[in-house]
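Below, chain A is the first sequence line, B the second, and so on; all start at residue 1.
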Amino acid sequence: DAGVTQSPTHLIKTRGQHVTLRCSPISGHKSVSWYQQVLGQGPQFIFQYYEKEERGRGNFPDRFSARQFPNYSSELNVNALLLGDSALYLCASSPKRGWETQYFGPGTRLLVL
Amino acid sequence: KQEVTQIPAALSVPEGENLVLNCSFTDSAIYNLQWFRQDPGKGLTSLLLIQSSQREQTSGRLNASLDKSSGRSTLYIAASQPGDSATYLCAVLYSGGGADGLTFGKGTHLIIQP
């Protein structure tokens, strides 16, 4: 079975632009979470979606939004990009609401210039 | 604010040594604790998950322990190998039903010298 997949793998944007990152969970997993990992730091929780509804939100500005589709894939959107948004964005899936082992994808590396 | 701290931040040891990585957390009301491995520029690989009711978990050369009362966990790696070189992250899920996501430490960067 395929693991968690994310696209694109790398992305370069300029300040003020908008970006959409995509995640496909492991087949049968209904929960998707998004994390931001700045270089040298541990990942920080952004959102959790379960059964297409937002179940949790971390301490991120409203420029960050997400959604989950009927097939349980997910998109993370970031508007009005700032230099500080440069990071590795990780998606994780789990069978239920994330109380079990979370399986992470390879991430999308975003560079904002 | 819930915080997870990992000590040491970096560690370099010769191949074959046994080693211990430490993780501490400020709030003992955890649901579970998970250890991950991250290779440079890559995603996270789950190594071990300990539920709050458990004291330890083992997988191969890895053993993780959990002491909720003291807010500590350790990851023991036996007979280290160069392939174990990576960053090891500790993450805690607090008992809010998972809505807050995992809280991660900054990681321990481990180098095993051949």
Side-chain angles (χ1 to χ4, degrees), chain A residues 3-7 9-10 21 23 25-26 29-51 53-60 64 66 76 87-111, chain B residues 1-7 9-10 21-26 29-54 57 59 62 64 73 86-109:
Chain A
V4 177
T5 59
Q6 293 186 243
S7 63
T9 56
H10 296 81
L21 310 180
C23 171
I26 292 172
H29 286 196
K30 298 181 178 181
S31 175
V32 170
S33 298
W34 287 95
Y35 292 81
Q36 180 196 65
Q37 186 178 25
V38 174
L39 197 61
Q41 303 292 316
Q44 277 199 292
F45 173 70
I46 309 175
F47 286 110
Q48 185 196 41
Y49 275 77
Y50 175 68
E51 289 284 15
E53 290 189 12
E54 181 183 304
R55 302 289 184 166
R57 172 187 285 256
N59 188 25
F60 279 80
F64 289 77
L76 175 69
L88 180 67
Y89 288 84
L90 296 163
C91 172
S93 78
S94 60
K96 296 177 182 177
R97 282 189 58 175
W99 295 2
E100 317 82 13
T101 300
Q102 295 200 21
Y103 298 87
F104 281 78
T108 293
R109 174 78 62 187
L110 173 65
L111 177 62
Chain B
K1 179 183 174 183
Q2 299 144 349
E3 292 186 0
V4 176
T5 303
Q6 292 188 244
I7 294 173
L21 308 183
N22 297 290
C23 172
S24 62
F25 44 94
T26 54
I30 69 169
Y31 191 83
N32 61 43
L33 183 145
Q34 204 163 346
W35 283 92
F36 293 90
R37 168 189 172 132
Q38 185 173 33
D39 293 289
K42 304 292 186 182
L44 279 62
T45 300
S46 179
L47 299 173
L48 290 165
L49 176 106
I50 311 177
Q51 301 293 350
S52 62
S53 58
Q54 298 175 320
Q57 282 286 340
S59 176
L62 304 179
S73 175
T87 296
Y88 290 80
L89 292 156
C90 168
V92 172
L93 185 66
Y94 285 97
S95 297
D100 289 331
L102 292 169
T103 300
F104 282 85
K106 292 183 179 181
T108 293
H109 181 55

J.: Closest heavy-atom contact between B:Leu44 and A:Gln37?
T.: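 Distance-wise, the nearest heavy atoms are CD1-OE1, 4.5 Å.
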J.: To the closest 0.5 Å, what do you measure between CZ (B:Phe104) and CG (A:Leu90)?
T.: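 It is 8.0 Å, given to the nearest 0.5 Å.
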J.: Does any backbone or side-chain atom of B:Leu89 lie under 4.5 Å from a heavy atom of chain A? Answer side chain, backbone, both or neither.
T.: side chain
J.: Is B:Gln6 close to chain A through its backbone or its side chain, or both, or neither, when contacts mean heavy atoms under 4.5 Å?
T.: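 The answer is neither part of B:Gln6.
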J.: Testing A:Gln102, A:Gln48, A:Gln44 for side chain to side chain contact (heavy atoms under 4.5 Å, CB included) with B:Leu102, which one passes?
T.: A:Gln102
